[in-house]
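In what follows, a single structure is set out as structure tokens and then discussed.
In what follows, residues are counted from 1 in the order of the sequence shown. When a ligand or atom number is given, it counts from 1 through the structure's own listing order. Nothing here was measured: the structure is a model prediction, and the numbers come from that model.
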Amino acid sequence: MSRRVRKAVFPVAGLGTRFLPATKSMPKEMLTVVDKPLIQYALEEAKAAGIEQFIFVTGRGKSAMEDHFDHAFELEATLRARGKDELMEGARNSIPPAGQLFYTRQQQPLGLGHAVWCARHLVGDEPFAVLLPDDLVDAKTPCLRQMVDAYEGRGGNLVAVMDVPREHTKRYGVLAVGADDGRIAEVRGLVEKPDPADAPSTLSIIGRYILQPEIFTILDAGEKGAGGEIQLTDAMAKLIGRQPFHGLRFEGTRFDCGDKLGFLTANVALALARKDVGPGLREALGRLL
Ligand code: UTP
């Protein structure tokens, strides 16, 4: 039996330079898709997968996220006084129970591997999930729930994967694949951001991982990889052969909200699916196009 995944790490210390000037004083993870910040989508996804402890690896200028998951007494009192109980409940329900949120700082943005390593003492010696909030996955069964279900009984390390056009492999960690049943692929190798000509496949990792704590021992070395950053992919590659390692082709649509076009597409797609703004947006788009 694999050990239950109770903890999730949210690396949110990146500078978000692709969204400047919006991200000069506001964290990228607070950008909203329709009316909810990216970080809240990620936290709700983790909650739906049974996660009980939420570990944020933050950095300077990211305190808006801490405030977002706390009570806003003035706002709540005002909404109550105006009889807007539904809105007040909505604001309240976004707050996880006390004692389940943890924050640590990555003092310098040295890479995703380094950000995850910063959470090592909070994770301890147990399997854990990693969610990158700028990857938004719209799915009937939340992506991390699909992963936890696939992980139970299988154990080891599991990453969410999707096929990308070969010319895009340079944006992703890419798998060398062993046994593959069309849904779950055995990972034989991993390469970070390969040139299309060198990519071992087009099966690419998105920002959802279930990892074993041994990854921290590898990350202790602080080895730099692609772009001079401490890469999570390089550390994961060293676990292959030592522990089971699989890629899950999740069901759902992933939007790369770390990129302007992906972010705008997510807003349009999720808004069109909503009863309140969907019909109006459809009309407005019709006029614009
Ligand atoms: P990105 O590669 O999207 O980098 O990081 P970024 O700095 O956030 O954004 P750009 O490229 O400058 O626009 C992917 C995820 O890893 C986190 C980011 O916060 C994001 O969730 N990250 C990255 C860290 O927490 N620390 C790092 O050192 C690097």
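Thr253 pairs by the side-chain contact (heavy atoms from CB on, under 4.5 Å) definition with Phe255, not counting sequence neighbours.
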What are the atom names and distances for all N or O pairs under 3.5 Å between ligand 1 and the protein?
{"from": "ligand 1", "atom 1": "3 (O)", "to": "Arg18", "atom 2": "NH2", "distance (Å)": "2.9"}
{"from": "ligand 1", "atom 1": "3 (O)", "to": "Lys28", "atom 2": "NZ", "distance (Å)": "3.1"}
{"from": "ligand 1", "atom 1": "3 (O)", "to": "Asp134", "atom 2": "OD2", "distance (Å)": "3.4"}
{"from": "ligand 1", "atom 1": "7 (O)", "to": "Leu15", "atom 2": "N", "distance (Å)": "2.9"}
{"from": "ligand 1", "atom 1": "7 (O)", "to": "Gly16", "atom 2": "N", "distance (Å)": "3.3"}
{"from": "ligand 1", "atom 1": "8 (O)", "to": "Lys28", "atom 2": "NZ", "distance (Å)": "2.7"}
{"from": "ligand 1", "atom 1": "9 (O)", "to": "Gly16", "atom 2": "N", "distance (Å)": "3.4"}
{"from": "ligand 1", "atom 1": "9 (O)", "to": "Lys28", "atom 2": "NZ", "distance (Å)": "3.3"}
{"from": "ligand 1", "atom 1": "11 (O)", "to": "Arg18", "atom 2": "NE", "distance (Å)": "3.1"}
{"from": "ligand 1", "atom 1": "11 (O)", "to": "Arg18", "atom 2": "NH2", "distance (Å)": "3.2"}
{"from": "ligand 1", "atom 1": "12 (O)", "to": "Thr17", "atom 2": "N", "distance (Å)": "2.8"}
{"from": "ligand 1", "atom 1": "12 (O)", "to": "Thr17", "atom 2": "OG1", "distance (Å)": "2.6"}
{"from": "ligand 1", "atom 1": "13 (O)", "to": "Thr17", "atom 2": "N", "distance (Å)": "3.0"}
{"from": "ligand 1", "atom 1": "13 (O)", "to": "Arg18", "atom 2": "N", "distance (Å)": "2.8"}
{"from": "ligand 1", "atom 1": "13 (O)", "to": "Arg18", "atom 2": "NE", "distance (Å)": "3.0"}
{"from": "ligand 1", "atom 1": "19 (O)", "to": "Pro11", "atom 2": "O", "distance (Å)": "3.4"}
{"from": "ligand 1", "atom 1": "19 (O)", "to": "Ala13", "atom 2": "N", "distance (Å)": "3.4"}
{"from": "ligand 1", "atom 1": "19 (O)", "to": "Gly14", "atom 2": "N", "distance (Å)": "2.9"}
{"from": "ligand 1", "atom 1": "19 (O)", "to": "Glu29", "atom 2": "OE2", "distance (Å)": "3.3"}
{"from": "ligand 1", "atom 1": "21 (O)", "to": "Pro11", "atom 2": "O", "distance (Å)": "2.8"}
{"from": "ligand 1", "atom 1": "25 (O)", "to": "Ala13", "atom 2": "N", "distance (Å)": "2.9"}
{"from": "ligand 1", "atom 1": "26 (N)", "to": "Gln106", "atom 2": "OE1", "distance (Å)": "2.7"}
{"from": "ligand 1", "atom 1": "28 (O)", "to": "Gln106", "atom 2": "OE1", "distance (Å)": "3.3"}
{"from": "ligand 1", "atom 1": "28 (O)", "to": "Gln106", "atom 2": "NE2", "distance (Å)": "3.2"}
{"from": "ligand 1", "atom 1": "28 (O)", "to": "Leu110", "atom 2": "N", "distance (Å)": "3.3"}
{"from": "ligand 1", "atom 1": "28 (O)", "to": "Gly111", "atom 2": "N", "distance (Å)": "2.8"}
{"from": "ligand 1", "atom 1": "28 (O)", "to": "Gly111", "atom 2": "O", "distance (Å)": "3.3"}

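Classification of the Phe69-Phe56 ring pair by plane angle, with boundaries at 30° and 60°, yields perpendicular.
To the nearest 0.5 Å, atoms SG (Cys118) and CZ (Arg120) are separated by 6.5 Å. For the atom pair CG of Asp181 and CZ of Arg249, the computed distance is 8.0 Å after rounding to the nearest 0.5 Å.
At a threshold of 4.5 Å between non-hydrogen side-chain atoms, the residues Leu131 and Tyr209 do not count as touching.
Figure legend: Lys36 and Tyr41 shown as a cation-pi pair, the cationic atom lying under 6.0 angstrom from the six-membered ring centre and within 45 degrees of its axis.
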